[in-house]
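Whatever order the structure lists them in is the order used to number ligands and atoms, beginning at 1.
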Amino acid sequence: MSSLLVRNIRTLVSAENTPRHIVRGAEMASLPVVNDAWLLAENGRIAAFGTMDNCPERADTVLDATGRFVLPAWCDSHTHIVFAATREEEFVDRIRGLSYEEIARRGGGILNSARKMQEATEDELLAGARARLYEVISTGTGAIEIKSGYGLTFGSEMKMLRVIRKLKEESPIPVKATFLGAHAVPLEYRERRNDYISLIINEMLPAVAGEGLADYCDVFCDKGFFTPDETDRILKAASVYGLKAKIHANELGITGGVQVGIANHALSVDHLEYTGDEEIEALLNSSTIPALLPNCAFFLGIPYPNARGMIDAGLPVALASDFNPGSAPSGNMQFVISLACIRMKMLPEEAVNAATVNGARAMELENEAGSVAVGKLANLMISRPMSSLAVLPYHFGSQMAETVIVNGKVFENELSGPTIKTTD
Ligand code: NIG
Ligand code: FE
């Protein structure tokens, strides 16, 4: 039995006696806290917490958190961290004036990543994704979802999902896997897109489900990608295998993606840069969570999602990184929080709730992660000394999580550090 005690915590954030599984509307602006607190982890899980007047005396490891905040680790419910190559040429093309959609139409974008994926070996993909996973853990991520979708052939999609399965097995934090065969229509199917959809439904889905390679099914339902009808067919086919929907919607226009996600009981509809009153109304009458990905709006220069409208209407909002090589090449959740506050006018408390408890719910990990509650995984961040919680989003670009705890132990990224070899 190993134990960790964190003492003299200025503020223990999201400390729950009665766990909140989701936080919506006006509730998003409040966070349960304990000031002048301690927290005890045993065998990787949160065992107890309280105020310093009744602090336990001993533990195997004791950390002093004077002046610091302790928060639950980020729950990043939307990423694409398995990819074969970066796409900085497209980044430069966009600086020169091309749009994301123009690049996609001429065979770049997702199709560019899919070409590179064909040639990559499982070992190469695993090494790259593992390095990204460890990097995001060291910035405070304590649970993550990872999608396929750069394969777009039977073999390559299965290859990606096998890499995600290996990550799941070896990862120190919980990983959820999502099958995204419907990320783009491959060029050779442009004139016969129905054949690609049949391939997904009749060949990929049965194999993915048969090998238990995914928890969820995603579709990029948007202008120039998959229509709501096509999305509906794919999600219905996935549900036969027990794969719940978690989709990309309304990134490039008001396309009906939100509604088709809701009709298929999607756990979350993600992106939502284009959202009108009808989408908000439809979400209010559902249990589907809007998951917002401000890194993408930042990087592509598209409008930010209307988080304020959603929260003010009473919705629960989740925040995720969308870490991918095309539209969001960063998995830094603290930067996501900063963007949410600075550009989407979310309050720091709302942003923290969105990136922890609601993020956990958006990948069905609400009993394991997302808050400080007895029995949950001891995946936590200890901040630098801070005068208030708002300092976290305020210092955008600075690493405010000074120490990251994973499974009750201080996390050391053994994959970081210089890789340059010296010869003497
Ligand atoms: O979530 N929008 C669709 N998929 C990814 C981007 C994929 C890419 O450009 O590689 C996203 O933004
Ligand atoms: Fe995405």
Side-chain angles (χ1 to χ4, degrees), residues 76-94 98-117 120 125 128-129 132 136 144-152 156-157 160 164 176-186 216-226 231 234 245-253 255 257-258 261 266-274 290-305 318-331 333 336 339 359 362-363:
D76 189 352
S77 65
H78 181 139
T79 81
H80 311 244
I81 62 168
V82 179
F83 54 84
T86 51
R87 303 213 310 255
E88 66 277 11
E89 337 71 46
E90 296 177 2
F91 167 63
V92 176
D93 286 344
R94 284 193 301 98
L98 281 180
S99 72
Y100 181 76
E101 285 162 278
E102 281 162 344
I103 292 169
R105 266 200 298 276
R106 60 175 203 193
I110 295 166
L111 298 180
N112 177 1
S113 282
R115 279 190 295 276
K116 309 250 169 67
M117 179 61 63
L125 292 170
R132 286 173 212 117
V136 299
I144 195 167
E145 180 260 19
I146 311 174
K147 299 173 195 295
S148 71
Y150 291 127
L152 309 185
S156 276
E157 280 297 309
M160 281 192 81
I164 300 172
K176 291 282 183 150
T178 300
F179 168 58
L180 175 53
H183 200 186
V185 178
Y216 306 116
C217 180
D218 196 341
V219 177
F220 187 9
C221 179
D222 226 317
K223 239 173 44 189
F225 291 85
F226 291 86
T231 306
I234 296 166
K246 220 174 130 53
I247 70 166
H248 286 71
N250 294 45
E251 173 185 351
L252 306 171
T255 52
V258 169
L267 194 51
S268 67
V269 283
D270 301 21
H271 272 286
L272 277 52
E273 284 82 354
Y274 290 86
L292 312 182
L293 319 168
N295 276 353
C296 176
F298 173 75
F299 190 72
L300 297 185
I302 62 176
Y304 285 84
L319 285 166
S321 75
D322 198 17
F323 194 174
N324 78 74
S327 69
S330 161
M333 287 294 286
V336 170
L339 283 179
M363 48 181 162

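- The closest approach between any non-hydrogen atom of Tyr100 and ligand 1 is below 4.0 Å.
- Using a cutoff of 4.0 Å between basic side-chain nitrogens and carboxylate oxygens, Glu145 and Lys147 are scored as salt-bridged.
- With a cut-off of 2.8 Å, the Fe ion (ligand 2) has no N, O or S atom of Cys296 in range.
- Distance check, rounded to the nearest 0.5 Å: CZ of Phe323 to OG of Ser330 gives 6.5 Å.
- Checking side-chain atoms of Asp76 against main-chain N and O of Ala320 turns up no donor-acceptor pair under 3.5 Å.
- Scanning the protein heavy atoms around atom 12 (O) of ligand 1, the nearest turns out to be Ser327 OG, 2.5 Å.
- Annotation for ligand 1: atoms under 4.0 Å from non-hydrogen atoms of His248 are 1 (O), 2 (N), 3 (C), 4 (N), 11 (C).
- The existence of a salt bridge linking Arg87 and Asp93 is excluded, since no basic side-chain nitrogen approaches an acidic carboxylate oxygen closer than 4.0 Å.
- Residue contact annotation: Asp270 places no N/O/S atom under 2.8 Å from the Fe ion (ligand 2).
- With Phe225, Tyr150, Phe220 as candidates, the residue nearest to atom 7 (C) of ligand 1 on a non-hydrogen basis is Tyr150.
- Residue-ligand proximity, Gly326 to ligand 1, at heavy-atom distances under 4.0 Å covers atoms 8 (C), 9 (O), 10 (O).
- For ligand 1, the atoms lying closer than 4.0 Å to a non-hydrogen atom of His271 are 1 (O), 2 (N), 11 (C), 12 (O).
- At the top of the distance list for atom 11 (C) of ligand 1, counting protein heavy atoms only, stands Asp322 OD2, 3.1 Å.
- An angle of 90° is found at the Fe ion (ligand 2) between His80 atom NE2 and Asp322 atom OD1, rounded to 10°.
- The N, O or S atom of His78 lying closest to the Fe ion (ligand 2) is NE2.
- With respect to atom 2 (N) of ligand 1, the closest heavy atom belonging to the protein is Glu251 OE1, 2.5 Å.
- Interface atoms of ligand 1 facing His183, defined by a heavy-atom separation under 4.0 Å, are 3 (C), 4 (N), 5 (C), 7 (C).
- Taking the side chain as every heavy atom from C-beta outward, Leu267 and Met363 never approach each other to under 4.5 Å.
- The cationic atom of Arg94 (NZ for Lys, CZ for Arg) lies less than 6.0 Å from the six-membered ring centre of Phe299 and within 45° of the ring axis.
- For the Fe ion (ligand 2), the N/O/S atoms of His271 include none lying under 2.8 Å.
- Of the possible polar contacts, none joining the Asn250 side chain to the Glu273 backbone as a donor-acceptor pair under 3.5 Å is found.
- No more than 12 heavy atoms of other residues, nucleotides or ligands sit less than 6.0 Å from atom CZ of Phe298.
- Using a 4.0 Å cut-off to heavy atoms of His78, the atoms of ligand 1 that qualify are 1 (O).
- Val136 is listed as a side-chain neighbour of Ile144, based on a closest heavy-atom distance under 4.5 Å.
- Ring planes of Tyr150 and Phe83: perpendicular class, angle over 60° (limits at 30 and 60°).
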